[in-house]
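Read the numbers this way: they start at 1 and go in the same order the structure lists the ligands and their atoms.
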Amino acid sequence: TEPSPDLIVVGSGFFGLTVAERVASELDKRVLVLDRRDHIGGNAYSAPEPETGIEVHVYGAHLFHTSNERVWQYVNRFTEFTNYQHRVFTIYQDKTYSLPINLGTICQYFGKSFSPSEARALVHEQAGELDTAEAANLEEKAISLIGRPLYEAFIRGYTKKQWQTDPTELPAAVIARLPVRYTFDNRYFNDTYEGLPVDGYTAWLERMAAHPNIEVRLSTDYFDVRDELPKDVPTVFTGPIDKYFDYEAGELGWRTLDFETEVLPIGDFQGTSVMNYADEDVPFTRIHEFRHFHPERKYPDDKTVVVREYSRFAETGDEPYYPINTPEDRAKLERYRQLAQKEAEERRVLFGGRLGTYKYLDMHMAIGSALSMFDNRIRPFFDQGESLDGRLED
Ligand code: FAD
Ligand code: UDP
């Protein structure tokens, strides 16, 4: 019979794999990783589209970027990165503009050349219509930050489609800030490091799981097998926290996405990787053309893969993607946090990752948070016999 694992990790996304890899290689402990899906990697998983070989990010486009030195050092153990820099464009009323709103967008939209200070003065004047501090909803807040014309062109329709809610009914807090750049810099991310894994996401994720102390069991739902697992083995759970507690405090709200993939008999559909669609009457929010994520690769020049993205509220059985975070959700989460703390004390279960903490985490944040959990809670548990601290990270 197999020796009993020292740690069970539920979920093979970046959070679970980072914990597993650290425990396996730093502490020389055996880790059993379970995932209900038939593949590794959680939402970062990617696979070649069969007809074209073009790498498609199966759960939505994933761009790696970070300013965290430690995370950058860590991820570079498993993969090299290309020099890809993400840029996004948006189509509004049959004209194409660059995002985030920058000097180029402003000059083009108003049909005039502005210096940075002229553009700043213009936006300031247009935003003067409303006071940010008094904004009662997302629409008012956005107008108070960037003015009505830019809001109506680039934000209103897109936001309405993404949230399926009129922006006058969305809380102002949904947008903390709306970046407007008064330069022609149209890079999407401001981080120090950015790139895509040279051999793709799945190769990176597989290398993290390749340690001989790690066993990965796919197509295995924790809730189906938990009674058969060895007792008292500390567990890191990265699935949905509300499901773990049988929805005792109610279901947490999520948005999900639908992806419509199409192979087209042309070499290039849109000339860039991501095109947003700002018009409300276009049903999808954006189109991804995956070949453009890897211009360095040799892909067929007579075929391309495009994926249309649609956003909606998640129903039971849908993939949870973005936490909605209504005040009701926050109240439920508070209750789950208390239950999680108790579960750590009584059953040695820790909760982490996007689903386990009900928190939107970029990849670098999921990895960073897993490294902290390893340092602050898991290593002390194994090295010094300390009890597991079950508090959920903020
Ligand atoms: P996940 O990747 O979701 O992994 C959780 C795993 O747990 C899954 O594999 C799931 O199958 C498994 N699981 C759940 N329940 C059970 C169970 N009962 N039993 C067994 N296994 C279970 N980040 C970026 O940095 N850049 C981006 O551009 C970016 N784009 C994104 C786009 C979309 C549409 C989404 C949804 C996310 C994006 N992210 C991006 C975030 C990125 O996906 C997350 O940071 C990452 O997935 C977090 O990893 P995780 O391990 O916490 O969760
Ligand atoms: N947004 C918008 N127009 C755009 C892109 C984004 O109004 O063209 C707003 C929208 O409210 C959205 C938010 O900015 O919900 C965050 O967008 P982002 O593309 O960063 O989110 P992602 O879906 O990529 O996480």
Side-chain angles (χ1 to χ4, degrees), residues 8-20 33-45 57-66 71 86 88-92 97-101 105 138 142 146 150-163 165 167 170 174-179 188-189 191 194 196 201 205 217-226 236-241 243-244 254-257 259 274-278 285-286 288 293 309 311 319-323 351-357 359-370:
I8 293 169
V9 172
V10 182
S12 65
F14 269 118
F15 192 97
L17 287 184
T18 301
V19 167
V33 180
L34 309 176
D35 206 294
R36 58 201 286 269
R37 292 179 177 164
D38 64 2
H39 62 73
I40 198 175
N43 284 353
Y45 171 75
H57 306 164
V58 176
Y59 300 92
H62 275 64
L63 291 310
F64 188 80
H65 55 96
T66 188
V71 168
H86 197 42
V88 176
F89 297 86
T90 185
I91 296 179
Y92 172 65
Y97 303 87
S98 81
L99 287 180
I101 297 172
T105 323
L138 187 151
I146 64 170
L150 294 172
Y151 162 73
E152 288 184 350
F154 301 117
I155 309 295
R156 184 174 62 187
Y158 191 92
T159 301
K160 204 165 171 176
K161 290 191 286 185
Q162 187 150 8
W163 292 90
T165 304
L170 285 167
V174 166
I175 40 165
R177 53 184 201 105
L178 264 177
Y188 206 69
F189 300 115
D191 280 316
E194 178 178 357
L196 292 171
Y201 279 98
L205 292 151
R217 263 182 230 161
L218 299 174
S219 307
T220 305
D221 192 313
Y222 175 68
F223 300 115
D224 295 340
V225 301
R226 100 168 121 174
V236 173
F237 182 83
T238 75
I241 189 165
K243 177 150 190 217
Y244 183 94
W254 293 85
R255 280 191 302 121
T256 193
L257 300 173
F259 298 108
V274 179
M275 184 66 77
N276 287 4
Y277 283 78
T285 50
R286 49 189 176 185
H288 306 275
F293 286 123
E309 183 176 313
S311 177
E319 288 291 347
Y321 281 140
Y322 298 103
F351 294 80
R354 200 174 52 91
L355 302 164
T357 58
K359 223 183 142 198
Y360 182 83
L361 299 172
D362 274 327
M363 293 178 278
H364 68 282
M365 295 159 78
I367 294 164
S369 159

*For Arg37, salt bridge (Lys or Arg N to Asp or Glu O under 4.0 Å) partners two or more places apart*: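 With neighbours one apart ignored, the set is Glu319.
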_Partners meeting salt bridge (Lys or Arg N to Asp or Glu O under 4.0 Å) with Asp221 (sequence neighbours left out)_ =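 Only Arg36 meet the salt bridge (Lys or Arg N to Asp or Glu O under 4.0 Å) criterion with Asp221.
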Among all the protein's non-hydrogen atoms, which is closest to [atom], and how far away is it?
atom	answer
atom 45 (O) of ligand 1	Leu361 O, 2.5 Å
atom 22 (C) of ligand 1	Arg36 CD, 3.4 Å
atom 48 (C) of ligand 1	Ala366 CB, 3.7 Å
atom 36 (C) of ligand 1	Tyr321 CD2, 3.2 Å
atom 28 (O) of ligand 1	Leu63 N, 2.7 Å
atom 47 (O) of ligand 1	Asn43 CB, 3.8 Å
atom 19 (N) of ligand 1	Tyr222 N, 3.0 Å
atom 43 (O) of ligand 1	His62 NE2, 2.7 Å

*Polar contact flag for His65 and ligand 1 (N/O pairs, less than 3.5 Å)*: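 His65 vs ligand 1: no N/O contact under 3.5 Å.
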_Polar contacts were defined as any N/O atom of the residue lying under 3.5 Å from an N/O atom of the ligand; does this apply to Ala44 and ligand 1?_
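Min N/O separation from ligand 1 is not below 3.5 Å for Ala44.
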*Taking His86 for the side chain and Val274 for the main chain, is one N or O donor matched with an acceptor at less than 3.5 Å?*
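Not a single qualifying donor-acceptor pair exists.
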*Say whether, by atom type as modelled, one donor and one acceptor occur between the side chain of Ser98 and the main chain of Phe89 under 3.5 angstrom.*
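No; zero donor-acceptor contacts below 3.5 Å.
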Please find out if less than 6.0 Å separates the ring center of [X] from that of [Y].
X	Y	result
Tyr188	His65	no
Phe223	Phe237	yes
His39	Tyr59	yes

*Applying a heavy-atom distance cut-off of 4.0 Å, which protein residues contact ligand 2?*
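Near ligand 2, by chain and number: Leu99, Phe154, Ile155, Tyr158, Thr159, Gln162, Trp163, Tyr188, Asn276, Arg286, Tyr322.
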Which of the numbered atoms in ligand 1 are below 4.0 angstrom from a heavy atom of [X]?
X	result
Phe14	49 (O), 51 (O)
Gly353	52 (O)
Thr238	5 (C), 7 (O)
Leu257	34 (C)
Gly239	14 (C), 15 (N)
Leu34	20 (C), 21 (N)
Thr220	19 (N), 20 (C)

*Backbone, side chain, both or neither: what part of Pro240 comes under 4.0 angstrom of ligand 1, heavy atoms only?*
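Looking at Pro240 and ligand 1, just side chain atoms fall under 4.0 Å.
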*asked:* I want to confirm something. Looking only at heavy atoms, which of Thr256, Asp362, Asp35, Ile40 is nearest to atom 9 (O) of ligand 1?
replied: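 Going through Thr256, Asp362, Asp35, Ile40 one by one, Asp35 has the nearest heavy atom to atom 9 (O) of ligand 1.
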_Option with minimal heavy-atom separation from atom 29 (C) of ligand 1, where the choices are Tyr59, Tyr360, Phe64_ =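 Among Tyr59, Tyr360, Phe64, the closest heavy atom to atom 29 (C) of ligand 1 belongs to Tyr360.
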*Which value, rounded to the nearest 0.5 Å, describes the distance between Ile101 atom CD1 and Phe154 atom CZ?*
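Reported value, rounded in 0.5 Å steps: 6.0 Å.
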*Can you say whether the rings of Tyr360 and Tyr322 are parallel (under 30°), tilted (30 to 60°) or perpendicular (over 60°)?*
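Tyr360 vs Tyr322 ring planes: parallel.
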*Quick one: do the Glu309 and His288 side chains pair a donor with an acceptor below 3.5 Å?*
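Judged by distance alone, the side chains do pair up.
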*Is there a heavy atom in Tyr45 that sits closer than 4.0 Å to ligand 1?*
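No, that is not the case, since the closest heavy atom of the residue is not under 4.0 Å from the ligand.
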*Under the side-chain hydrogen bond (donor to acceptor under 3.5 Å, both in side chains) rule, collect the residues that match up with Arg354, sequence neighbours excluded.*
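Not a single residue meets the side-chain hydrogen bond (donor to acceptor under 3.5 Å, both in side chains) criterion with Arg354.
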